[in-house]
Engineer: 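This is the structure I have questions about; it appears just below.
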Amino acid sequence: MANISTKYLGLDLKSPIIVGSSPLTDSVEKVKKLAEAGAGAVVLKSLFEEQILMDVDAQRVNNMYNSFGDAENYLTYYTKQKSIGDYLELIKDCKRETSIPIIASINCMSHGEWVEFALKMQNAGADALELNVFVLPADAEYTGFDYEKSYFDIISQINDIISIPVAVKMSHYFSGMANFFTRLSQTDIKGLVLFNRFYSPDVDIEKEKVINLSFNSLAVDNSMVLRWVGILAPKVACDLVSSTGIVDGNSVIKNMLVGAKAVQVVSSIIKNGPNVIAEMNQSLETWMDSKNYKTTKEFIGKLSQKNIRKPILFERTQFMKYFSDADFVNL
Ligand SMILES: Cc1cc2nc3c(=O)[nH]c(=O)nc-3n(C[C@H](O)[C@H](O)[C@H](O)COP(=O)(O)O)c2cc1C
């Protein structure tokens, strides 16, 4: 029978399904249910850099956010409801009540004194840390190089402080993406999570209002992840994990075939409940048996860009065939 276990960030995962950072992972009760359903690991709901700073120096952060009423209110509210000490308790409880790896998570955009808190996460028992770094490139004075530097600064400071493995969850808003991600992978980080998903705008044509697109992703949202995992897997010096649009067992298999060591799932579990994890594990096992794979190592990366006969398939972006031959258009 196929063994669906995998290794990610040096951690042994009994399944490649990692529950991504979200409200699904904000309590020990939920994490226990996810572990029972067969999750290989969980990434806890993120703490924000500002929350940590707020705890360190509430007055200063209030001053920082004075001109952003919403952010200030949110932070003041959130910090009153949940202290960062609760986060450390969550890590300890999850470690005590489950046997799967527990990955802590911080949303951040700069290096600074908040980084010290990572050590407390490590001491509370976190098996790894995922940094959800996003710096909006909105300052006209900053070049792409300046923005990239802020990622290196954060990683360097974090790695000076903690010894547990660090993964960085990335967006796809970079110009020289293959070059930048490859250089990031050559630092002390152990994994890259491709990609984060952001709130995106939609339009309600009845109310004639701009609204938020549903946060649930669809299978089609995974195609960009497949492309970049396939392109980067042969190039990077760390693990890759796919995130966004992994909705069923087939998408788990596809992402591993192009090079992902594991996958992260959120929307599908929110929509279908934790049982979808068991279904994904079952589909993977059945597929591996049908292909005679005994271990995941035998097929991870089998279809990465370097291993296929037509590597251009990962890079082709224009509908060349369809531009030249329009017979399929039924008009
Ligand atoms: C309601 C909700 C809350 C989320 N909160 C976080 C968060 O705190 N930190 C984080 O890194 N990602 C967060 N995410 C992003 C998810 O971890 C994940 O990257 C994204 O939803 C794409 O995966 P999916 O297609 O399986 O949903 C959140 C997603 C959702 C839907």
Side-chain angles (χ1 to χ4, degrees), residues 1-47 51 81-107 117-132 162-167 169 190-191 193 239 241-243 246-249 252 255-256 260-285 295-296:
M1 203 172 69
N3 176 352
I4 63 166
S5 68
T6 188
K7 226 179 170 80
Y8 170 57
L9 307 177
L11 305 168
D12 291 315
L13 272 51
K14 64 179 188 201
S15 149
I17 317 296
I18 301 172
V19 182
S21 179
S22 63
L24 287 167
T25 56
D26 66 2
S27 78
V28 64
E29 291 76 22
K30 292 182 195 169
V31 170
K32 268 170 78 175
K33 280 190 191 148
L34 297 164
E36 279 157 19
V42 296
V43 185
L44 298 179
K45 172 91 186 119
S46 301
L47 262 187
Q51 280 171 254
Q81 299 302 308
K82 281 197 179 310
S83 83
I84 59 173
D86 291 343
Y87 199 89
L88 300 177
E89 289 308 312
L90 176 63
I91 296 173
K92 286 183 196 158
D93 290 347
C94 292
K95 284 303 295 174
R96 196 178 51 246
E97 302 283 332
T98 71
S99 58
I100 58 172
I102 303 296
I103 304 173
S105 164
I106 300 179
N107 281 352
F117 189 70
L119 185 60
K120 294 191 178 167
M121 289 172 156
Q122 173 175 305
N123 293 340
D127 294 286
L129 174 64
E130 183 175 290
L131 296 175
N132 177 353
I162 58 173
S163 54
I164 52 174
V166 175
K169 188 173 188 179
K190 298 286 182 284
V193 182
D239 294 340
V241 66
S242 293
S243 162
I246 288 135
V247 294
D248 56 18
V252 176
N255 282 271
M256 294 177 81
K261 288 283 185 72
V263 299
Q264 291 192 2
V265 185
V266 171
S267 295
S268 187
I269 305 174
I270 292 179
K271 210 162 126 197
N272 306 306
N275 276 349
V276 77
I277 301 171
E279 287 167 22
M280 287 175 176
N281 284 338
Q282 188 55 59
S283 301
L284 174 61
E285 193 181 307
T295 65
T296 52

Engineer: Restricting to salt bridge (Lys or Arg N to Asp or Glu O under 4.0 Å), what partner residues turn up for Asp248, sequence neighbours left out?
Structural biologist: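 If we apply the salt bridge (Lys or Arg N to Asp or Glu O under 4.0 Å) test to Asp248, skipping adjacent residues, there are no hits.
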
Engineer: Please round to the nearest 0.5 Å and tell me the distance separating atom NZ of Lys169 and atom CG of Leu131.
Structural biologist: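 Reported value, rounded in 0.5 Å steps: 11.5 Å.
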
Engineer: For Val266, what residues pass the side-chain contact (heavy atoms from CB on, under 4.5 Å) criterion, not counting sequence neighbours?
Structural biologist: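 By the side-chain contact (heavy atoms from CB on, under 4.5 Å) rule, Val266 matches Ser22, Leu24, Ile270.
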
Engineer: Is atom NZ of Lys95 surrounded by more than 12 heavy atoms (other residues, nucleotides or ligands) closer than 6.0 Å?
Structural biologist: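 Check passes, neighbour count above 12.
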
Engineer: Looking at Ser5 and Thr296, what are the two nearest heavy atoms and their distance?
Structural biologist: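 That closest heavy-atom pairing would be O-OG1, 2.7 Å.
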
Engineer: Treating Asn3 as the side-chain partner and Thr295 as the backbone partner, does any N or O pair qualify as donor plus acceptor under 3.5 Å?
Structural biologist: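 Here the side-chain-to-backbone pair does not exist.
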
Engineer: How would you list, by chain and number, every residue that makes a side chain to side chain donor-acceptor pair (under 3.5 Å) with Ser15, sequence neighbours excluded?
Structural biologist: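 Only Asn281 meet the side chain to side chain donor-acceptor pair (under 3.5 Å) criterion with Ser15.
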
Engineer: Return the set of residues passing salt bridge (Lys or Arg N to Asp or Glu O under 4.0 Å) with Lys30 (not counting sequence neighbours), or none when no residue passes.
Structural biologist: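 Lys30: salt bridge (Lys or Arg N to Asp or Glu O under 4.0 Å) contacts with Asp26.
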
Engineer: Can you give me the closest heavy-atom contact between Asp239 and Leu9, atom names plus distance?
Structural biologist: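 Between these two residues, the closest heavy atoms are OD2-N, 2.7 Å.
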
Engineer: Kindly indicate, with the supporting measurements, whether the criterion side chain to side chain contact (heavy atoms under 4.5 Å, CB included) is fulfilled by Met121 and Tyr87.
Structural biologist: CA-CA 8 Å; Met121 289 172 156; Tyr87 199 89; 3.4 Å; yes

Engineer: How would you list, by chain and number, every residue that makes a side-chain contact (heavy atoms from CB on, under 4.5 Å) with Lys33, sequence neighbours excluded?
Structural biologist: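 In terms of side-chain contact (heavy atoms from CB on, under 4.5 Å), with neighbours along the sequence ignored, Lys33 is linked to no residue.
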
Engineer: If the condition is side chain to side chain donor-acceptor pair (under 3.5 Å), which residues does Asn132 pass it with, not counting sequence neighbours?
Structural biologist: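 Asn132 satisfies side chain to side chain donor-acceptor pair (under 3.5 Å) with Asn107, Asn196 only.
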
Engineer: Can you find a pair of side-chain heavy atoms, one from Val43 and one from Thr25, that are under 4.5 Å apart?
Structural biologist: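 No, side chains not in contact.
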
Engineer: So, for Gln51 and Ile84, which heavy atoms are closest and what is the spacing to 0.1 Å?
Structural biologist: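 Nearest pair, atom of Gln51 first, then Ile84: O-CG2, 4.0 Å.
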
Engineer: Name all residues meeting the side-chain contact (heavy atoms from CB on, under 4.5 Å) criterion together with Glu89; count only those two or more places apart in sequence or in a different chain, and write none if there are none.
Structural biologist: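 side-chain contact (heavy atoms from CB on, under 4.5 Å) list for Glu89, sorted by chain: Lys92.
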
Engineer: Measuring from Ile103:CD1 to Gln264:CD, what's the distance to the nearest 0.5 Å?
Structural biologist: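 Rounded to the nearest 0.5 Å, the CD1-CD separation comes to 7.0 Å.
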
Engineer: Measuring from Leu11:CG to Thr6:OG1, what's the distance to the nearest 0.5 Å?
Structural biologist: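 If I round to the nearest 0.5 Å, the distance is 10.5 Å.
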
Engineer: Roughly how far, to the nearest 0.5 Å, is CG of Leu284 from CE of Met256?
Structural biologist: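 Rounded to the nearest 0.5 Å, the CE-CG separation comes out at 6.0 Å.
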
Engineer: For Leu13 and Lys7: C-alpha separation, side-chain torsions, deciding distance, then whether side chain to side chain contact (heavy atoms under 4.5 Å, CB included) applies.
Structural biologist: CA-CA 6 Å; Leu13 272 51; Lys7 226 179 170 80; over 6 Å; no

Engineer: Identify which one of Leu44, Val193, Val241 satisfies the side-chain contact (heavy atoms from CB on, under 4.5 Å) criterion when paired with Glu130.
Structural biologist: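 So the option named by the test is Val193.
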
Engineer: Supply the atom-to-atom distance Ile106 CD1 to Ser21 OG, rounded to the nearest 0.5 angstrom.
Structural biologist: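 Going from CD1 on Ile106 over to OG on Ser21, the span is 11.0 Å.
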
Engineer: Search all heavy atoms of Val265 against all heavy atoms of Ile17 and return the closest pair with its distance.
Structural biologist: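 Nearest pair, atom of Val265 first, then Ile17: CG2-CG2, 3.9 Å.
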
Engineer: I'd like to check the side chain to side chain donor-acceptor pair (under 3.5 Å) partners of Asn123; sequence neighbours left out, ordered by chain and number.
Structural biologist: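 Scan of Asn123 (side chain to side chain donor-acceptor pair (under 3.5 Å), adjacent residues dropped) gives none.
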
Engineer: Calculate, to the nearest 0.5 Å, the distance between atoms CD and CG belonging to Glu29 and Leu34 respectively.
Structural biologist: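 So the gap between those two atoms works out to 11.5 Å.
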
Engineer: Search all heavy atoms of Ile4 against all heavy atoms of Pro16 and return the closest pair with its distance.
Structural biologist: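 The answer is O-CD, 3.2 Å.
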
Engineer: Using salt bridge (Lys or Arg N to Asp or Glu O under 4.0 Å) as the criterion, list what pairs up with Lys14, not counting sequence neighbours.
Structural biologist: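 Partners of Lys14 under the salt bridge (Lys or Arg N to Asp or Glu O under 4.0 Å) test: none.
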
Engineer: Glu36: which residues meet the side chain to side chain donor-acceptor pair (under 3.5 Å) condition with it, sequence neighbours left out?
Structural biologist: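 If we apply the side chain to side chain donor-acceptor pair (under 3.5 Å) test to Glu36, skipping adjacent residues, there are no hits.
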
Engineer: Indicate yes or no: at least one non-hydrogen side-chain atom of Ile102 is less than 4.5 angstrom from one of Val42.
Structural biologist: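 Of all side-chain heavy-atom pairs linking Val42 with Ile102, at least one is under 4.5 Å.
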
Engineer: Quick one: side-chain contact (heavy atoms from CB on, under 4.5 Å) partners of Asn255, sequence neighbours excluded?
Structural biologist: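 side-chain contact (heavy atoms from CB on, under 4.5 Å) list for Asn255, sorted by chain: Asn222, Val225, Leu226, Ser242, Ile246, Ser251, Ala260, Val263.
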
Engineer: Of all residues at least two apart in sequence or in a different chain, which pass the salt bridge (Lys or Arg N to Asp or Glu O under 4.0 Å) check with Lys32?
Structural biologist: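 Only Glu97 meet the salt bridge (Lys or Arg N to Asp or Glu O under 4.0 Å) criterion with Lys32.
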
Engineer: What are the two closest heavy atoms between Pro101 and Gly40, and how far apart are they?
Structural biologist: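 Smallest interatomic distance, heavy atoms only, reads CD-O, 3.2 Å.
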
